[in-house]
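Note sheet for the following structure.
Starting from 1, each residue takes its place in the sequence as its number. Not measured: the values here are computed from a predicted model.
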Amino acid sequence: MKFTDGNWMIREQYEVKSAVEPYDHFIENNELTVHASPRPILIRSNILNTPLLTVQFHSPRPGIIGVKLVHFDGIEPRGPHYVLTPETGDYVHIEETDNEIIFTSGSLRAHVLKGEEWNISFYRGEKRLTGSRVRSMAYIIEGNTKTYMREELDLGVGELVYGLGERFTSFVKNGQVVDMWNKDGGTSSEQAYKNVPFYISNEGYGVFVNHPELVSFEVASEKVKKVQFAVEGESLEYFVIDGPDMKDVLVKYTDLTGKPALPPAWSFGLWLTTSFTTSYDEETVNTFIDGMAERNLPLSVFHFDCFWMSGFHWTDFTWDKQTFPDPVGMLQRLKAKGMKISVWINPYIAQRSKLFAEGKKHGYLLKKPDGNVWQTDMWQAGMGIVDFTNPAACEWFAQYLRDLIDQGVDSFKTDFGERIPTEVVYYDGSDPQKMHNYYAYLYNKVVFEVLEEKLGKGEAVVFARSATAGGQQFPVHWGGDCNSDYESMAESLRGGLSLGLSGFAYWSHDIGGFENKPQADVFKRWLAFGLLSSHSRLHGSKSYRVPWVYDEEAVDVTRYFTNLKCKLMPYLYKSATQAHEQGIPMMRAMVLEFPNDPAVEYIDRQYMLGDHLLVAPVLSADDVVKYYLPAGKWTHFISGEVIEGGKWLKGEYDFFSLPLYVRPNTIVVHGANDTRPDYDYALDATIAIYQLEDGKRTATTINNASGQVEVSVQAAREQDKITIDVAGSGKPFSIRVYDDKQVTAIDGGIGEIIDGIVKIPAGKEQITLTLQL
């Protein structure tokens, strides 16, 4: 939202009252309150007929400083409000000098200058991170009907901004206008399903605007050296979050807004769906599942999309009796084949659904101001929308989910949640503007908590499309409706990396694209990308996504990369556990993992999968991909080729390969099972040590399928000796060293060397290997 006309003028419809100078201040209960005047107070009469802005500094957690700007304070705040988790303790310090007031929280300081000109600066040590200068904070009047609160925070030379939710526009947000308003806009526009009013800077700090309603960002757009954000109303609150690096910012941000739950290990396997509008029944489903088994294609989850229910009845939670006459028996038969079951739901209740009459009678649906049920024909005829601010409505909705879980359902695809009207009245009196984005949080929370209640903590997983801040607690999220082409592969990845820099740890996308049927080459390239993502789902709109409808090579590619993902599960689930505990995403933008390498700042066509694996999907029909390797000796995971990094490379790859490189000086644990994602990761695992340099140490863990550490591994190299300490296993394992030199001896004669792999019997915890040319 632009208020200025160039650098000097204000747009005609606006009157801007901005902070010009500090007037006074006081300190109370670890909070600092400063009053700012929009004009110099030179004589006593200047206090008349002028607004006064109240600026409150507080801290919910160490290293985070909240700033609340208030004009009129007589307005009762209406919810909803983001659920934040403060920390108790004595970590705030406020001091005053002749020239400034300094508010300190952990490593972060806010300096508020006294004197004649308004100025706030945020520091880490001696480094100024950002700040709000004269005329940046403002109260703005539009005509006689609307008011806004605005802040402008400084951007330094070379500073880049990322995040703001799952955005499919340019990865670096500088130069963009970004409005926080969830919309069902696909993946090819500026609209987004998941708007998160949080951005992160390559300077190692983040800013979270604590408003679920429409927040309008001007990121180096209206003013090229500022990030401006504005909300309608009489107050504005934001938090500056210190790193010192980008990972630390995400840790602190998710400490504040919620850590992502750890999805069950089975959810990391391959999901197959019926697709959307295709024709299917139990025979079709069995054809798909049996066809996967006959071709040795590991399959973990089968998903029933919308038409498991009768048309014009969505959502009634009732199986279409004509298509599925024996749903309970069918689910039992599918589960006997090893399938977990997912079904599609949404919070929109068609007029023909049995739930509509129930919801209308009991007041469980959103209402218009006149007291009648809000309805539309968009999507389902006469549909209403569940009011999740009503506890009774939540319980009503949840009971239908419990019934489905009792039938054998393991997961729900929580579709939609973006088309939430604002001309409605909520049960608890919530502000409809604030509820538009926040609705997705409540919707997914209800569904996720039912799954936890029925299946147990650690067994809940949804497939959600809409979200806002805090929604990362209810994984998994997928990228929405994309086209079936290379461009959509790229835009989907861009959106996923942006979401990962917004506090979301797990992310998926429709392999092959959603709209239309992809060309066989697109499908095969998307398989590699999809199976090297956090979660992997074959899904489409009007066409099936079973690989044999493309060609036989697609079947082989599916098998190859599904086997590869299963084999990588010890590494992937350790990464998933890290994501759960710290809030650092599994799929990481290069800038997150290599913040000191300027070459990676704009890269959005490759990513790190966990700490140690670099993935660069092939995004063109000519089989060629350009990619960047940071400094060091990188090992191609598939071929074993070693390449010296610190440069851009270009390669041609067949459908069974892509740039998949292992970072030097690291350990990646390979599992012994390549046919399922949930197994004993420690049993017969291979501890693979990659390009460990002389004098270096590295470590990792093997977590079990519940996320708990079962084995700790450390490796250290001194000249031609590598010593490996493996604590806690008690199970046989192997060691493989990727190095210019070969393993030629095992000190003490423990184990044996077979084809370069060192076999270690159960119970051995320290092994020293000798390397020679």
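- The two atoms that bring P421 and I385 nearest to each other are CD-CD1, 3.6 Å, heavy atoms only.
- A salt bridge is absent between K367 and D387; no separation between the charged side-chain nitrogens and carboxylate oxygens falls under 4.0 Å.
- The minimum heavy-atom distance between A579 and M586, with the atom names listed, is CB-CG, 4.2 Å.
- Between T376 and M378, the shortest heavy-atom contact is OG1-N, 3.1 Å.
- Judged by distance alone, the side chain of K247 and the main-chain N or O of E593 form no donor-acceptor pair under 3.5 Å.
- In this structure, a donor-acceptor pair under 3.5 Å is absent between the side chains of E31 and H58.
- With hydrogens and angles left out, the side-chain atoms of S121 and R128 include a donor and acceptor closer than 3.5 Å.
- Within 6.0 Å of atom CD in E190, 12 or fewer heavy atoms from other residues, nucleotides or ligands are found, so the atom counts as exposed in its surroundings.
- Note: W396 and Y364 have tilted aromatic rings, judged against thresholds of 30 and 60 degrees for the angle between ring planes.
- Donor-acceptor pairing under 3.5 Å is recorded for the side chains of Y148 and E142.
- There is a side-chain donor-acceptor pair under 3.5 Å between S430 and D428.
- Nearest heavy atom pair, residue I41 against residue E21, reads N-OE2, 2.9 Å.
- Summarising the local packing, OH of Y427 is surrounded by 12 or fewer heavy atoms from other residues, nucleotides or ligands at distances under 6.0 Å.
- Across F239, F208, Y238, Y253, a single residue satisfies ring-ring contact (aromatic ring centres under 6.0 Å, His included) together with Y82, and that is F208.
- Judged by distance alone, the side chains of S107 and D242 do bring a donor and an acceptor atom under 3.5 Å apart.
- For the residue pair T33 / E28, no side-chain donor-acceptor distance below 3.5 Å is found, with atom types taken as modelled.
- Side-chain contact, D154 with T130: no donor N or O sits under 3.5 Å from an acceptor N or O.
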What do the steps show when you test N346 against D415 for side chain to side chain donor-acceptor pair (under 3.5 Å), and what is the final call?
CA-CA 5 Å; N346 74 171; D415 206 355; over 6 Å; no

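- Taking the six-membered ring where tryptophan is involved, the planes of W379 and F416 are tilted, since the angle between them lies from 30° to 60°.
- Residues Q472 and Y506 have side chains that never bring a donor and an acceptor to within less than 3.5 angstrom of each other.
- Ring geometry for H436 against W181 counts as parallel: the plane angle stays under 30°, on a 0 to 90° scale with 60° as the upper cut.
- For the pairing with E418, the salt bridge (Lys or Arg N to Asp or Glu O under 4.0 Å) check across R465, K194, K183 returns one residue only, R465.
- The heavy-atom pair separating P595 from L592 by the smallest distance is CD-O, 3.8 Å.
- Using the six-membered ring where Trp is involved, Y199 and Y205 have ring planes that are perpendicular, over 60° apart on the 30 and 60° scheme.
- Atom OH of Y23 is surrounded by 12 or fewer heavy atoms from other residues, nucleotides or ligands within 6.0 Å.
- Look at K445 and E449 and you find a salt bridge, because one of the NZ, NE, NH1 or NH2 atoms lies within 4.0 Å of a carboxylate O, short of that distance.
- Across every non-hydrogen atom of H111 and E100, the tightest pair is ND1-OE1, 3.0 Å.
- The aromatic rings of F448 and F474 sit tilted relative to each other, their planes meeting at an angle between 30° and 60°.
- E76 has no carboxylate O lying under 4.0 Å from a charged side-chain N of R78, or vice versa, which leaves the two without a salt bridge.
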